[in-house]
Amino acid sequence: MVVRAGREFLAIPGPTTMPDEVLRAMHRPAVDIYAGELIALTDSLHADLSKLFRTRGRTYVYIANGHGAWEAALTNVLSRGDKILVLESGRFALGWGDAAEKLGVEIEILPGAWDRAVRPHEVEARLRQDKEGRIKAVLTVQVDTASGVVNDIAAIGRAIKAAGHDALFMVDAVASLGCMPFEMDGWHVDVAMSASQKGLMTPPGLGFVAVGERARAVHHAANLRSPYWDWTAREGHEHYQKYAGTPPVHLLYALRQALDMLFAEGAEHTFLRHRLLAEAVRRAVGVWAEGGVLSFNILEPSERADTVTTIRVTGDGTAEALKDYCRDKCGVVLGNGIGALSGRAVRIAHMGHINAPMILGTLGVVEVGLNALRIPHGRGGVLAATTWLGDNVPA
Ligand SMILES: *Cc1c(COP(=O)(O)O)cnc(C)c1O
């Protein structure tokens, strides 16, 4: 017996659900890539991406996923043998640091933990010790999609400044851009990167790197630069140079549509929608946790991200069983635990094209699964979510 039919609902933290408008925007024939509307489309995307990152600097668009954008960010500002500081808070900053190491950069990891955010004062203390300025860059993520943590990027930016250190501040905003505030210039971020398939509601395949003035200056001397990623090469006058070859035409139309929808909603409204739906998820998880099997991975409530919630699940095979049930019986795909939480967590994404029925439906399905599998849990998680939403989304 199953109660699934029709569209499967993806509650994984990327790729995320795409609006029908975005899907339709791609349904068109190929167009000229040397003249005509595509040229203006590229210009509009560059301008609007910089707006989204909240920077006066330039944004570059790559045919790449987040891993590609990581490499683009690194190779344009670093040289072989440079040292960088990687702020641990789960999996993704470490992954970015790992890429740097493979490129020939020396990495130092500022130890963190899987259940909490980066502590800005620890960043400041470490940088103060670096009297010779050996550390060329600090790498961190805004939201770690594995642990579900949100780092305080503004506070880390202030900590770097307080240390009086020149290191570039480089931030991964893959799981947060377009869903929660990001102030590249205001927060002293020198290089920020993101990708199309999470908060930006667009198919996987586009990577973005936004670049501030200090990074642009360092770029000239960086010796890890390579032809495809190179910013300078992408500043040529010919349209194809902006993509180092054929543009990803249909993805560009998709992104244009997604950005139009985001701007039409308005950033403040988009951020609030995410905050409200994330809190609805947290209300449910808080109740389920009373059963002693499920718990929040991130211990401090204010460090839980508004885009993804990571739920620890104790017991051999329990997380997998819950995930299988939700998918096979109800057509909802939850994220699994990854990295240190592999097999010991499920993740509920709430980023991008999300609304009340999607999130409440997902919570309802999880509760069905908890009941069917006889997993001990506090009763009334969905009720807590709907009660909270009713109280906070006034008539
Ligand atoms: C998904 C993700 C990435 C990697 O993106 P890919 O497109 O899968 O390469 C990097 N950083 C964060 C924070 C992510 O969530």
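Order of appearance sets the numbers: ligands from 1, and atoms from 1 within every ligand.
The protein heavy atom nearest to atom 11 (N) of ligand 1 is Asp172 OD2, 2.6 Å. Here the heavy atom of the protein found nearest to atom 1 (C) of ligand 1 is Lys198 NZ, 1.4 Å. In terms of protein heavy-atom proximity, atom 15 (O) of ligand 1 is nearest to Thr145 OG1, 2.3 Å. Shortest contact from atom 9 (O) of ligand 1 to any protein heavy atom: His67 ND1, 2.5 Å.
The other residues sharing a hydrophobic cluster with Leu10 are Ile12, Val333, where clustering joins ILVMFWY side chains under 4.5 Å apart. Within the hydrophobic cluster formed by Ile, Leu, Val, Met, Phe, Trp and Tyr side chains joined at under 4.5 Å, directly or through other members, Val2 stands alone, with no partner residue.
Per-residue contacts place Asn65 under 4.0 angstrom from the following atoms of ligand 1 (heavy atoms of the residue considered): 6 (P), 7 (O), 9 (O). Listed by number with element, the atoms of ligand 1 under 4.0 Å from a non-hydrogen atom of Ala175 are 15 (O). Listed by atom number, the atoms of ligand 1 under 4.0 Å from Gly66 heavy atoms are 5 (O), 6 (P), 7 (O), 9 (O). Those atoms of ligand 1 with a heavy atom of Val143 less than 4.0 angstrom away are 13 (C).
The shortest N or O to N or O distance between Asp144 and ligand 1 is not below 3.5 Å.
Residue contacts with ligand 1 include Trp70, since one or more of its heavy atoms lies under 4.0 Å from the ligand.
Atom CD of Glu265 has more than 12 heavy atoms from other residues, nucleotides or ligands within 6.0 Å.
A salt bridge between Arg116 and Glu303 is absent, with no side-chain N of the basic residue lying under 4.0 Å from a carboxylate O of the acidic one.
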